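Chain letters run A, B, ... following the sequence lines, proteins first and then strands; every chain starts at 1. Note that the structure is a prediction, hence the values are computed from the model and not measured.
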2 protein chains.
Amino acid sequence: MSPFTPTGETREKVYRFVRKRIVEDLPPTVREVQEAFRFKAVQTARQHLERLVADGRLVKARGQARGYRLPREPGTLFVPLLGRVQAGGLSEAIEECEGYIPVRSRGSAELFGLRVQGESMTGAGILPDDVVIVRQQAKADSGDIVVALVGDEATIKTLRLGRNRIELHPANPAFAPIIPRTGECAILGKVVEVRRYLA
Amino acid sequence: MSPFTPTGETREKVYRFVRKRIVEDLPPTVREVQEAFRFKAVQTARQHLERLVADGRLVKARGQARGYRLPREPGTLFVPLLGRVQAGGLSEAIEECEGYIPVRSRGSAELFGLRVQGESMTGAGILPDDVVIVRQQAKADSGDIVVALVGDEATIKTLRLGRNRIELHPANPAFAPIIPRTGECAILGKVVEVRRYLA
DNA sequence: TTGTATAGCAGACAAAAGTCTGTTATATCT
DNA sequence: AGATATAACAGACTTTTGTCTGCTATACAA
């Protein structure tokens, strides 16, 4: 590389290279950046990287191998994706989750993802195989869409609070409301997001 | 840790730990695994990791720092969230995006998010204010839900390919299909995911 | 019993990767 | 011309991290 290249041009390419590598799940080492750009000195790569950190385009963990990363959008976290929740309860299901999915979240509430089974909520635009993001909470308001444990399986329904009882309403005329006896139903959380993967 | 624990139990936990770390974009070092589980020897952590590789649950780059990864699992990337797309085109809208949202993506395709306006796709479970994740592509198959630029505004419709013409069908009987003249319509991409933020 | 497999430990070594000090050259502004 | 900033290089040093050899203990089956 010549002793002079236009201002910032190389650095822009370095940024793209690093970003690509991070997205591909393995942040590069300084020397890998050096080799990718045929720099003859490690320090050249390091200078570009440190500059990108100073500009706020990257963050790094000092002294750590492959420590360069993209600055996280504030409030992005990874929540466990559950296939189903059975009587055992949430913590068990979270232990055995299918994987983790990224969620944009403001608070610090406990969230989880749950794959939808059945057609009882199609009227609310929640179809089988959709993934709902659920905020864990034991109480909810009338009208909220909640995940509730009734019998030995978790279900997704609209909550209606009546006098001294709760009702779980499907959003599909082919299904009947569930009116559990006291103590027979536990609210696991409130649905805060619905995702449908089409391709 | 006692000199004996049930078969595979610790390894299962090691796997979950590593997977979580990889998903969060920084694969752990062997010693980080050691510390997380309070192993007194590096080798103990290493044995579990190597076993996970042998079982095909992890892959590794030999000799590389933080070389353990998930077998061809998706990365996470941030895609621009667009409020609306007008005649100017995509690149302009991406420049002025509302923000970035996390998406789990397999390929390296160019994606963007678009906030849904109008009720023309309610029949497909796509409601106003939903966010659709769109993969940029100029062509699509009959039946795909696409984002198309017709006139001076982008719209979301189901694509139908007829002989020598294309049709854009709403999923709501209150709206009429759009049959643009040749050259009057550009497909911007295909909807690959639908998200609804409820709270 | 003997052999085999798993779980775990100890300590060292070697390679990978981050960091540092100092140098040269080109452009730009005063 | 002089001062300053950027881009790049050279070579060494240090820390981090992967790897290795050898050891103990428990369970289980032939």
Between [X] and [Y], does at least one N-O distance fall below 4.0 Å, as a salt bridge requires?
X	Y	value
A:E12	A:R57	yes
B:K157	B:E167	no
A:E153	A:R84	yes

**Report entry** Short side-chain N/O contact from A:T10 to OP1 or OP2 of D:dA7, under 4.0 Å
**Finding:**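 Negative; the distance criterion is not met.
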
Requested in this report: Kindly say if A:T44 contacts the phosphate of D:dA7, meaning a side-chain N or O under 4.0 Å from OP1 or OP2.
Outcome: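 So the side chain of A:T44 is outside the cut-off, no N or O lying under 4.0 Å from OP1 or OP2 of D:dA7.
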
Which whole-number value in Å describes the distance from [X] [atom1] to [N] [atom2]?
X	N	atom1	atom2	result
B:F39	D:dT24	CZ	C1'	17 Å
A:R51	D:dA8	CZ	C1'	15 Å
A:E12	D:dT6	CD	P	16 Å
B:L26	C:dA17	CG	C1'	14 Å
A:K40	D:dC9	NZ	C1'	9 Å
A:Q47	D:dA5	CD	P	14 Å

**Report entry** Pair B:N172, B:T122: side-chain N/O donor-acceptor within cut-off below 3.5 Å
**Finding:**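 Note: B:N172 and B:T122 side chains meet the donor-acceptor criterion.
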
**Report entry** Heavy-atom closest pair, residues A:L58 and A:P71
**Finding:**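 Between these two residues, the closest heavy atoms are CA-CD, 3.9 Å.
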
Query raised in the report: Pick one: which of A:F39, A:F17, A:F37 meets ring-ring contact (aromatic ring centres under 6.0 Å, His included) with A:H48?
Result: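 Option passing the ring-ring contact (aromatic ring centres under 6.0 Å, His included) with A:H48: A:F39.
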
Requested in this report: Starting at the 5' end of nucleotides 11-21 of chain D, put B wherever the base has a protein heavy atom under 4.0 Å, S where only the sugar-phosphate does, and a dash everywhere else.
Outcome: -B---SBBBBB

